[in-house]
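Structure first, then comments.
Every chain is numbered from 1, with letters handed out A, B, ... down the list of sequences. Every heavy atom of this structure was used, including side-chain atoms; hydrogens, water molecules and symmetry mates were not.
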Amino acid sequence: MAGLKRIIGLSFILAWGFLLVILSGALYQNWWPLFVVATFVLAPLPNFIFSKCASGDDLYYFNEQSNNGPKDFGKFLTSILVVSGIALPIILAHIEVIEFAAMLMSVSGGFLVYFTILAYSYFFSEENEY
Amino acid sequence: MSHSQLFDNERQRVCLIPIPALPHLTEKKREAGVYISGGLFAIGWWFFIDAVVYSNYLKSDDDSVPVMNFEDWICGILSTIGMIIINLINKSNLTPGNFYGPYGYGGEVNMYARLFLFVGFAALAGGLAGSFTILILKYIVIESPHTYFGIALIIQNLSIMFSTFILWIAQSADDESGYRNYL
């Protein structure tokens, strides 16, 4: 039951996030803030892709830390994408393409969407271990 | 003789005063370091993009605004190249006497790795110095009111530099723990 409650709660948060992002576009008839969704949706992708690139020598080296250059590169790209999702609306607001309030809404909405993805993947990977 | 002294003697110090070893990071802290480094890198480049976009935005109203040209781009590109060079180096080749690396047994590879490291740090420092030069020559000397563009360049290069350092520390802490496991 706890898993079901989590999923329902996360879906509510995701809906809030999308609501905020869509409002930031719809209230001002100006759809530039929607690019935030793309960056936040793409952000976990490098992590997922590169997590399969762990070294094949894990058994030999005993510890998993020995060779994780590709994994680190994936984390690096993820972090770049997350920061881009925050920076893009700020720059758009700076050159007055979008309103300041639209910037706030799109950034917080993007955060909620990203938080949902993170939490969902966290619970999902926890289930996978058993 | 304590264990740490024994370890120091094995290392064959160059300086009289021992240089403090890099902190032994746990896996979580190491991951956080990589994330912070990527974030800093992105913040730096977004500051630069903001300066470019904003200068073009102001230019549409006022023709006297300086536009970001190729000379503004080049220090960021230089810093990024330096970052790539520094992080491409196999760090086990930098210190002699590590017989776990395939070619890490001192000598020639060691020298080339250090040469590469020097070139990388020179590119990083050159990018930072170039950004200061641009701020002074292009914005301060001619008393332009738009010093923000120059400051954004400096912020960009400083962030790339710190991003390189943090990534370096995170990754060499990783190497160090792998090494100690074998001792």
Side-chain angles (χ1 to χ4, degrees), chain A residues 32 35-36 39-40 42-51 53-55 57-98 103 107 110-111 114-115 118 121-122 125, chain B residues 24-61 83-84 87-92 100-101 148 152 159-160 163-164 166-168 170-182:
Chain A
W32 282 105
F35 275 104
V36 175
T39 55
F40 277 112
L42 283 180
L45 260 187
N47 250 351
F48 280 139
I49 293 170
F50 284 102
S51 65
C53 293
S55 71
D57 302 338
D58 280 356
L59 272 180
Y60 179 67
Y61 280 116
F62 298 114
N63 58 341
E64 290 181 18
Q65 308 178 4
S66 52
N67 180 17
N68 48 10
K71 272 181 169 175
D72 281 354
F73 186 59
K75 280 169 200 155
F76 194 77
L77 287 184
T78 297
S79 176
I80 284 179
L81 280 171
V82 172
V83 172
S84 303
I86 301 166
L88 190 64
I90 293 177
I91 286 174
L92 286 178
H94 193 188
I95 59 170
E96 292 168 8
V97 170
I98 63 175
M103 178 198 93
V107 168
F111 253 123
Y114 186 64
F115 168 77
L118 270 192
S121 61
Y122 174 71
S125 65
Chain B
H24 183 80
L25 298 180
T26 58
E27 179 66 15
K28 283 278 173 208
K29 279 186 188 168
R30 219 185 57 73
E31 272 183 17
V34 176
Y35 280 125
I36 290 170
S37 141
L40 271 178
F41 183 76
I43 286 172
W45 272 104
W46 277 107
F47 255 102
F48 176 69
I49 293 170
D50 181 51
V52 173
V53 173
Y54 195 57
S55 75
N56 273 300
Y57 167 71
L58 288 182
K59 180 89 176 172
S60 59
D61 290 339
M83 179 181 193
I84 293 171
N87 285 299
L88 276 180
I89 299 169
N90 186 354
K91 289 180 195 66
S92 60
Y100 298 110
Y148 167 67
S159 324
I160 295 175
S163 148
T164 312
I166 292 173
L167 194 60
W168 171 273
Q171 293 205 318
S172 32
D174 164 24
D175 277 6
E176 200 70 24
S177 76
Y179 188 55
R180 273 190 200 148
N181 275 352
Y182 277 96

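- Annotation for A:Ser79 and B:Gly38: closest pair OG-C, 3.4 Å, computed over non-hydrogen atoms.
- Looking at B:Phe41, only its side chain comes within 4.5 Å of chain A, counting heavy atoms on both sides.
- A heavy-atom distance below 4.5 Å is not found between the side chains of A:Lys71 and B:Val34.
- Separation of atoms CG (A:Asn47) and OH (B:Tyr35) is listed at 4.0 Å; rounding is to 0.5 Å.
- Atom CD1 of residue A:Ile95 and atom OG of residue B:Ser60 lie 9.5 Å apart, to the nearest 0.5 angstrom.
- The aromatic rings of B:Tyr148 and A:His94 lie perpendicular to each other, with more than 60° between the two planes, well past the 30° mark.
- Chosen from B:Asp50, B:Leu58, B:Ile49, the residue pairing most often with chain A at heavy-atom distances under 4.5 Å is B:Asp50.
- Distance check: B:Trp46 CH2 to A:Ile90 CD1 gives 10.5 Å after rounding to the nearest 0.5 Å.
- Rounded to the nearest 0.5 angstrom, A:Asp72 CG and B:Leu167 CG are separated by 7.0 Å.
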